[in-house]
Every structure is written in C-alpha cells, then in structure tokens.
Amino acid sequence: MNIVTLSVASRDDVTRRALAAFGGETQGAHHSFASPDLLWQTLTRKRWDLIQAMTGQGVMSIREAARRVGRDMKAVHGDVQALIGAGVIHKEGRGIVFPYDGVHVDFMLTKAA
C-alpha cells in the first residue's frame with residue numbers, strides 16, 4: 001500500500017529525515033507542515049473531504065472531483081489550487097491526482113507554555 005504521512009515537523013526534523021534518506025534509510029512518502037496552524041489552514045474540512053475522495057482513485061478531472069464531494073466545480077477548483085500549491089496533490093496531464101492509497105497524519109500536541 002502506498003501511504004503518505006502528513007506531519008507537523010520542524011526544519012531540524014525534516015533535515016534529520018533527509019540525511020537519513022541520503023544515508024540509505026527508507027523514509028516513505030512524507031509531507032511536512034511547519035506548524036499545526038499551517039496544517040489546519042491547508043487541510044480544511046472541505047479539502048480533507050477532497051483528499052479522501054481522491055485517495056487511491058488515480059487521475060481525475062476537477063469536474064469529477066467536484067461530483068464526488070458534491071460541491072460546486074468553481075469552489076473545488078480553488079481548493080485544488082491551494083492543495084497543488086502546498087504540494088499535497090499534483091497536476092497530471094489534464095487532470096489532478098493524489099497518488100496515494102492511504103494517509104497517516106502524525107503530530108504531537110503538548111501543553112501550552
């Protein structure tokens with residue numbers, strides 16, 4: 001199964017993961033956000049629904065993605081552009097794709113300072 005991990009990670013964490021990958025350790029697909037605020041700003045409820053509808057489905061048109069989530073194509077287009085800009089989904093040919101069969105979300109919540 002092709003799974004991506006979405007996480008909140010510091011620059012040091014990302015650097016450690018990159019160095020481990022350069023050292024030959026398999027890291028798997030990973031997409032990191034600098035803060036929980038950035039993660040939630042990017043992955044809104046409607047965008048999460050879109051990702052869920054696209055998971056494991058291959059390339060599809062924006063029109064098809066909108067149909068699957070029951071939303072207006074113009075609104076979905078805006079969310080698609082935001083997710084492409086964040087590197088979460090990709091353009092492929094004349095369509096869009098979320099090239100994973102599963103998503104793992106990983107971050108730690110700690111007490112406030």
Side-chain angles (χ1 to χ4, degrees):
M1 183 179 264
N2 185 19
I3 297 173
V4 64
T5 299
L6 304 176
S7 68
V8 174
S10 69
R11 182 175 295 273
D12 289 341
D13 291 336
V14 173
T15 299
R16 273 193 294 278
R17 202 169 45 250
L19 290 173
F22 290 138
E25 292 180 37
T26 302
Q27 300 298 302
H30 211 101
H31 190 87
S32 297
F33 295 87
S35 69
D37 288 340
L38 186 56
L39 179 129
W40 298 128
Q41 179 183 15
T42 304
L43 298 177
T44 64
R45 177 67 195 173
K46 289 182 178 183
R47 292 177 189 163
W48 187 255
D49 290 343
L50 184 59
I51 289 168
Q52 185 176 18
M54 295 177 67
T55 299
Q57 301 301 306
V59 179
M60 68 179 68
S61 68
I62 294 174
R63 183 178 306 279
E64 176 60 16
R67 186 192 68 75
R68 289 182 185 209
V69 295
R71 293 179 52 215
D72 174 76
M73 194 171 91
K74 184 177 178 182
V76 170
H77 183 269
D79 285 337
V80 163
Q81 293 307 309
L83 291 170
I84 288 171
V88 176
I89 65 174
H90 311 283
K91 289 183 183 179
E92 189 166 310
R94 298 186 77 173
I96 54 173
V97 65
F98 181 69
Y100 304 102
D101 300 316
V103 178
H104 174 83
V105 181
D106 184 24
F107 64 94
M108 176 74 73
L109 180 65
T110 57
K111 75 176 189 171

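Since the model is a prediction, treat every value here as computed from it, not as a measurement.
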What pairs of donor and acceptor atoms, side-chain ones from residues 81-107 against any protein atom, are under 3.5 angstrom apart with sequence neighbours left out?
residue : atom : partner : partner atom : Å
Asp101  : OD2  : Asn2    : N            : 3.3

Self-check item: Residue pairs involving residues 49-61 (criterion salt bridge (charged side-chain N to carboxylate O under 4.0 Å, His left out); sequence neighbours excluded)
Solution: Arg45-Asp49
Exercise. Please identify each residue that fulfils salt bridge (charged side-chain N to carboxylate O under 4.0 Å, His left out) with Arg63, with sequence neighbours left out.
Key: none
Quiz prompt | Same apolar cluster (I L V M F W Y, side chains within < 4.5 Å links), Val59/Val80 | solution = no
Kindly list each side-chain donor-acceptor pair under 3.5 angstrom involving residues 65-76, sequence neighbours excluded, with atom names and distances?
residue : atom : partner : partner atom : Å
Arg67   : NE   : Glu64   : OE1          : 3.0
Arg67   : NE   : Glu64   : OE2          : 3.4
Arg67   : NH2  : Glu64   : OE2          : 2.6
Arg68   : NE   : Glu64   : OE2          : 2.7
Arg68   : NH1  : Gln57   : OE1          : 3.0
Arg68   : NH2  : Glu64   : OE2          : 3.4
Arg71   : NH1  : Asp79   : OD2          : 2.9
Arg71   : NH2  : Asp79   : OD2          : 2.8
Asp72   : OD2  : Lys74   : N            : 3.0
Asp72   : OD2  : Ala75   : N            : 3.1

Practice problem: Find the distance between CG (Leu6) and CD1 (Ile51) and round it off to the nearest 0.5 Å. | Solution: 6.5 Å
Quiz item: Which atoms form the tightest heavy-atom contact between Phe33 and Leu39, and what is the distance?
Solution: CD1-CD1, 3.6 Å
Practice problem: Applying side chain to side chain donor-acceptor pair (under 3.5 Å), name anything that partners Ser7, two or more places apart in sequence or on another chain. | Solution: His30, Ser32
